[in-house]
Amino acid sequence: MRIHLPRTLDEALEIKARDPEAVPLAGGTDLMVLLNFGRLRPPALLEISRLPELRTWRRENGRFFLGAGLTYSRILSSLAEFRPLVQASRSVGSPQIRNRGTVGGNLGTASPAGDALPVLAAYDAEIVLVSAGGRTRRLPWHRFLVGPKQTSLAPDELILGAQWTVTRGPGSFSKVGTRNAMVIAVASLCLVLDEDRRQVRVALGSVGPTVLRAPEAEAFAAGVLGAAGAWDDPRAPVPEAALEEFGERVAAAARPIDDVRGTAAYRRHACRVLGRRALSWALADRRLEH
Amino acid sequence: MLVRLKVNGEWREADVWPGASLLFLLRESLGLVGSKNACEQGECGSCSVWLDGELVCACLVHAAQAHEREVRTVEALAQGPRLHPVQEAFLEAGAVQCGFCTPGLIVAVVDLLERDPTPGEPTIREALAGNLCRCTGYAKIIDAVKLAAQKMAAP
């Protein structure tokens, strides 16, 4: 097994171009489990957890860039403005895991249960990929996450980070699991309200081959808020029946399976409950702000 | 694969298999067996150590990721025969039974108290969520953390 320890991103990309079989090793919280149990014996590893270029974030013209190497702990301590992302980060593993695990790792692993992924989907994030010579390629999240543990990352590319348009409005991440920590989601949901575009965006985790959005539920919710006059007046009441209907439509968007963590029926029910609650929380948050 | 790292203040070298974890290096190459090898998947916290000051599961850190970096293990906590206040508190509170999870818990508790000297119970529970203990039922461990906080606050 060849081990590469590049000091800069440029060096890492040159190595990746020369040795495309090298598997990127970020925090190691997924990859080391495979190595420890002999389930993976890659010909080469590329250590990227120390690359300063991946451990950054910045704001540019209303867009936000989150470096692939940012750990969940760092997000918790530094990026309070993105509440759904912070809530998702706090639900990852344990303190030990959050100190190592990265959003880039979540993207690379592309598990349907990756906690950061519904948040990136609800933010409508683009995934920024980079190859030797600093060439970058941007893909919408759904063109990057193409299946369970499958991405459209090319062999000579690394994940540089995720980028999204910063919006105004409340949002939340919620997750159903069998305990409070160290848990792989049975179902998870991120809901974001975009006040300026008058959009409600909902993404689901662990209930399909990859992260899913619920476009019908989104359009329905935006329409309900419009009909109730709630986009203009956050105190305008939204009928309880509409929240229920929203939950139904969120559940209808799920494509869950039965597995060791839960049945498809339970997961669909969880989506219904998470959806209704997330929308009611967002409406309550808007009222509080006014 | 030759790895050079600073462990508990001292530079050490180890020649390990290129797929080895930091935990393997610490235990098998350096003879530091305080960090326990249990689940090898980051579930139990028994191998908790600090890597450049951050609490991590040594089983999930590739040995090469510790190259030229600083690791602190449970072995660094006692000063000769004098136990760390967290270690004393675990003994006094009866938070030790079979003892297998204890080194990882001690490290996690020291990490918590270094960041937050007066944690409330929810904070304690959240901080220790990555450490499993199959004997104590956790109640005495929570007691030990509170006792340790008192000991460390005392002048």
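Note on naming: letters A, B, ... go to the chains in the order of the sequence lines (proteins, then strands), and numbering restarts at 1 for each one.
- Heavy-atom distances place the side chain of A:Ile3, and not its backbone, under 4.5 Å from chain B.
- If you check the side chains of B:Glu126 and A:Asn180, you find no donor sitting under 3.5 Å from an acceptor.
- Within a 6.0 Å sphere centred on CZ of A:Arg50, heavy atoms belonging to other residues, nucleotides or ligands number more than 12.
- Within the 4.5 Å cutoff, no side-chain heavy atoms of B:His62 are placed close to those of A:Glu47.
- Contact annotation for A:Arg41: only side-chain heavy atoms (C-beta onward) come within less than 4.5 Å of a heavy atom of chain B.
- Heavy atoms closer than 4.5 Å to chain A are found in the side chain of B:Leu132, but not in its backbone.
- Between B:Glu54 and A:Arg98, the closest side-chain pair of non-hydrogen atoms is not below 4.5 Å.
- Around atom CD of B:Glu114, more than 12 heavy atoms belonging to other residues, nucleotides or ligands sit under 6.0 Å away.
- Contact annotation for B:Ser48: only side-chain heavy atoms (C-beta onward) come within less than 4.5 Å of a heavy atom of chain A.
- Counting non-hydrogen atoms of neighbouring residues, nucleotides and ligands closer than 6.0 angstrom, the CZ atom of B:Phe100 exceeds 12 such neighbours.
- Residue A:Ala181 comes nearest to B:Ala129 through the heavy atom pair CB-CB, 3.3 Å, listed as atom of the first residue, atom of the second, then distance.
- Listed here is the closest heavy atom pair of B:Ala127 and A:Pro95: O-CG, 3.4 Å.
- Residues A:Arg100 and B:Leu51 have side chains in contact (heavy-atom distance under 4.5 Å, counting atoms from C-beta outward).
- By number of non-hydrogen pairs under 4.5 angstrom with chain A, the leading residue of B:Ala20, B:Gly19, B:Ala108 is B:Gly19.
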| request: Give the C-alpha distance, both sets of side-chain angles, the deciding distance and a yes or no for side chain to side chain contact (heavy atoms under 4.5 Å, CB included) between A:Gln96 and B:Asn131. | output: CA-CA 9 Å; A:Gln96 289 92 326; B:Asn131 292 74; 2.9 Å; yes
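- Looking at heavy atoms from C-beta onward, A:Leu25 lies in side-chain contact with B:Gln65 at the 4.5 angstrom threshold.
- Note that OG of A:Ser94 and CG of B:Leu128 are 10.5 Å apart. Values are rounded to the nearest 0.5 Å.
- Applying the 6.0 Å contact sphere to NZ of B:Lys140 captures no more than 12 heavy atoms from other residues, nucleotides or ligands.
- Using modelled atom types, no side-chain atom of A:Asn99 and backbone atom of B:Val56 make a donor-acceptor pair closer than 3.5 Å.
- No more than 12 heavy atoms of other residues, nucleotides or ligands sit less than 6.0 Å from atom CZ of A:Arg277.
- The line from CG of B:Leu60 to CG of A:Asn36 is 7.0 Å long, rounded to the nearest 0.5 Å.
- For a residue to count as touching a neighbouring chain, one of its non-hydrogen atoms must lie under 4.5 Å from one of that chain's; by this rule A:Ala26 touches chain B with the backbone only.
- Contacts between A:Leu31 and chain B at a heavy-atom distance below 4.5 Å are absent for every atom of the residue.
- Other residues, nucleotides and ligands contribute at most 12 non-hydrogen atoms within 6.0 Å of the CZ atom of A:Arg7.
- Proximity to chain A involves both the backbone and the side chain of B:Cys59, based on heavy atoms less than 4.5 angstrom apart.
- Separation of atoms CE (B:Met1) and CZ (A:Arg2) is listed at 14.5 Å; rounding is to 0.5 Å.
- Here A:Phe37 contributes atom CZ and B:Glu40 contributes atom CD; the two are 6.0 Å apart, rounded to the nearest 0.5 Å.
- Between B:His67 and A:Leu5, the closest heavy-atom pair is CD2-CD1, 3.8 Å.
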